[in-house]
Number of protein chains: 2
Amino acid sequence: MNELDETSESGKTGDALRAAHLYYMQDLTMDAIAHELHTSRSSVSRLLSHARASGLVDIQIRSPRDMPGRIEEAVLERHGVRAHIVPVPENASDVDRLERVALSAARILGQFFDSNMSLGIAWGSTMGALSRHLIPKQTHNSQIVQLNGAGNMRTTGILYASEILRRFGDAYGAHVQQFPVPAFFDDPGTKQAMWRERSTERVLQMQENMDVALFGIGSPFAEVPSHVYAGGYLEPEDFQSLSRDGAVGDVATVFYRADGSTDGIALNERGTGPSFDLLRATPRRVCVVAGLSKLPSLRGAIRAELITDLIIDESTARALLE
Amino acid sequence: MNELDETSESGKTGDALRAAHLYYMQDLTMDAIAHELHTSRSSVSRLLSHARASGLVDIQIRSPRDMPGRIEEAVLERHGVRAHIVPVPENASDVDRLERVALSAARILGQFFDSNMSLGIAWGSTMGALSRHLIPKQTHNSQIVQLNGAGNMRTTGILYASEILRRFGDAYGAHVQQFPVPAFFDDPGTKQAMWRERSTERVLQMQENMDVALFGIGSPFAEVPSHVYAGGYLEPEDFQSLSRDGAVGDVATVFYRADGSTDGIALNERGTGPSFDLLRATPRRVCVVAGLSKLPSLRGAIRAELITDLIIDESTARALLE
DNA sequence: AAAGCTCGTGCACATATGTGCAGGGCTAGC
DNA sequence: GCTAGCCCTGCACATATGTGCACGAGCTTT
């Protein structure tokens with residue numbers, strides 16, 4: 001039998017589906033399932049792993065309506081943002097924190113993205129971590145668009161933007177649109193020129209039609225600098241310029257002040273990220289944040305009304321409310 | 001702390017929620033969770049059991065769009081009914097079959113019912129089995145309405161209709177409306193009279209506004225007679241009458257012929273089930289079927305266009321397509 | 001205040017599940 | 001037609017999870 005003919009009646013995926021039914025819906029033990037499928041228990045264990053890993057089994061946590069978390073409620077009321085709190089112990093390291101938020105975020109994202117949709121994504125350490133944990137979900141006619149350039153990435157050990165993009169594309173079976181420009185041009189004039197190119201226009205066009213935007217937050221002045229800043233994108237004088245202009249953070253390499261404004265921040269003239277007006281035109285804008293060091297930048301992003309859904313670790317969420 | 005104050009931040013449900021997050025979203029081991037929650041591993045195991053049993057964790061199986069089951073597809077095309085196939089081994093006993101379909105059906109039902117909805121339910125062995133496996137799901141302003149009377153039930157060991165109803169009500173936190181009339185009146189005149197009573201009218205009114213109807217199928221002439229027939233509701237002459245009128249099955253004690261028609265079936269004059277016109281006005285009509293003996297009756301119900309969603313065991317579904 | 005209850009806990013053991021490893025079948029290349 | 005390589009299987013063991021039981025805290029009853 002040709003695997004192209006495979007349906008849920010047979011073949012690996014079919015078996016996995018059937019095993020999942022028996023295990024999760026009918027509460028059979030793996031032993032019993034092995035018997036029904038005429039295979040060994042170990043194979044069933046593997047089949048079920050496969051089913052979970054490939055998104056055949058979808059597990060959601062739903063808090064009762066009459067008992068939503070206090071934090072979620074407070075964040076919604078005070079900041080107008082739907083929060084998704086990720087429980088992480090107080091004493092967790094920042095790395096741990098990021099990893100765990102990314103794990104949860106990857107699962108939640110599956111609920112936001114579907115066929116016929118277009119997803120815009122930034123890149124950075126948060127997005128990188130997230131991309132490693134995506135749960136596959138087959139979609140049709142869907143697209144992943146890169147939000148901001150990253151042409152001259154050179155740090156080793158850090159994910160290339162294209163790698164992040166590819167992972168999203170693979171997980172969702174979506175068409176991937178890269179944005180082949182540097183994160184920052186040296187000469188604003190070059191940017192202007194590039195923006196008139198047909199290939200660039202096409203990307204910008206796609207960004208305008210996004211259904212979901214997904215991004216982390218950059219904190220140029222936090223103790224632990226973000227990806228962008230460590231990556232060698234910015235020169236000392238750029239930092240001075242940012243500092244002078246009062247920038248507190250960035251979303252997709254577009255910088256903003258504590259009050260959410262961006263006008264007059266010089267570096268943005270040379271950056272390639274989407275204007276906030278464009279972002280705000282996207283129906284769902286998901287921001288993933290882990291760690292207290294992002295807090296000041298996060299506040300700015302909230303004021304800028306960039307965020308509709310916030311996936312955040314518990315401690316940071318608590319701090320946000322103070 | 002008063003348990004009325006409980007939110008997801010603390011208390012049993014809160015802990016369960018948090019444990020579920022850590023276990024299902026972050027893939028921690030129970031040991032690790034026990035440590036984070038400052039409790040023992042066993043408690044975490046119990047917490048997670050609780051979370052699953054009380055519907056805090058919602059597990060769904062989703063077959064990829066590009067590979068729907070052949071059977072589902074064929075049933076939809078040939079009979080215009082969304083099928084939900086429950087895998088059950090060929091050689092399973094009818095009891096097993098019913099139990100397993102009921103288990104799956106109970107979980108699927110949770111996807112169909114929500115706050116502000118009204119659910120009409122029949123009673124019988126299928127519904128009884130189903131009611132034992134319902135997954136709790138808190139809803140607001142929702143109602144459960146009994147579709148047909150069952151006043152004179154007397155067999156022991158079989159669930160009383162009111163018990164079934166109560167279980168649905170408990171599971172969904174819904175208001176329960178019983179229908180306190182016998183399954184069949186002896187005198188059609190009494191039925192007419194009762195139908196003019198305000199209390200009856202209220203029930204009928206609620207039936208008209210149902211969002212979902214849920215029922216099994218009765219097979220009066222199968223080798224293994226259904227609940228209704230074994231329950232002592234019908235006298236030998238009733239069977240003769242049904243046979244004479246060509247009845248092949250019933251839904252909520254309303255009988256129909258192989259072609260789906262009901263007109264002129266004498267017994268229906270004395271029965272208390274909802275007219276098929278009323279049923280067909282309900283947006284979603286879920287039928288649960290297990291076992292080959294129901295097949296002829298099922299075909300009739302399909303012809304009568306009573307069913308929008310069919311939850312059925314695999315073997316019977318296969319047979320339906322022949 | 002003592003006795004009796006219920007409930008939740010952790011321990012120790014029973015089960016159930018996950019996984020490294022050594023075949024065996026299949027394919028592709030020679 | 002042979003052989004190297006890959007993937008899948010089941011076994012045996014390692015790990016993780018489920019559960020009966022006895023105990024103790026908090027609460028009710030007498």
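The structure displayed is predicted, hence computed values, not measured ones. When reading the values below, keep in mind they use all heavy atoms of this one structure, side chains included, and skip hydrogens, waters and symmetry mates. Chain naming here is simple, since letters A, B, ... match the order of the sequence lines and numbering starts at 1 in each.
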If you walk 5' to 3' along DNA chain D, what is the first nucleotide with an atom under 4.0 Å of a heavy atom in chain B, and what is the last?
->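 Boundary nucleotides touching chain B, in 5' to 3' order, are D:dT17 to D:dG20.
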A:Thr39 near the nucleic acid: base, sugar-phosphate alone, or nothing, with a heavy-atom cut-off under 4.0 Å?
->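 Since only primed, P, OP1 and OP2 atoms lie under 4.0 Å of A:Thr39, the category is sugar-phosphate.
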Identify whether any heavy atom of A:Thr29 sits under 4.0 Å from a base atom; if not, whether one sits that close to sugar-phosphate; answer base, sugar-phosphate or nothing.
->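 A:Thr29: backbone/sugar contact only, no base atoms under 4.0 Å.
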Distance-minimising heavy-atom pair for A:Ala102 and A:His133 =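 Scanning both residues, the minimum pair turns out to be CB-CD2, 4.2 Å.
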Minimum-distance pair of heavy atoms, taken over all atoms of B:Leu103 and A:Gln26 =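 Smallest interatomic distance, heavy atoms only, reads CD2-O, 3.4 Å.
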Under 4.0 Å between a side-chain N or O of B:Ser42 and OP1 or OP2 of C:dC11?
->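 So the side-chain polar atoms of B:Ser42 never come under 4.0 Å of the phosphate oxygens OP1 or OP2 of C:dC11.
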Look at B:Ser43 and C:dG8 and indicate whether a side-chain polar atom (N or O) is within less than 4.0 Å of OP1 or OP2.
->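 No, because none of the side-chain N or O atoms of B:Ser43 sits under 4.0 Å from OP1 or OP2 of C:dG8.
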Answer yes or no: is there a donor N or O on one side and an acceptor on the other, between the side chain of A:Thr139 and the main chain of A:Tyr172, under 3.5 Å?
->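 Yes, because the side chain of A:Thr139 sits within donor-acceptor range (under 3.5 Å) of the backbone of A:Tyr172.
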Spell out, as yes or no, whether a donor-acceptor pair under 3.5 Å connects the side chain of B:Lys294 to the backbone of B:Val289.
->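 No; judged by distance alone, with no hydrogens or angles, the pair does not exist.
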Rounded distance [0.5 Å steps], CG in B:Leu48 versus CZ in B:Arg46 =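 The CG atom of B:Leu48 sits 12.0 Å away from the CZ atom of B:Arg46.
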With the threshold set at 4.0 Å, does a side-chain nitrogen-carboxylate oxygen contact exist between B:Arg70 and B:Glu73?
->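 Salt bridge between B:Arg70 and B:Glu73, a charged N being under 4.0 Å from a carboxylate O: no.
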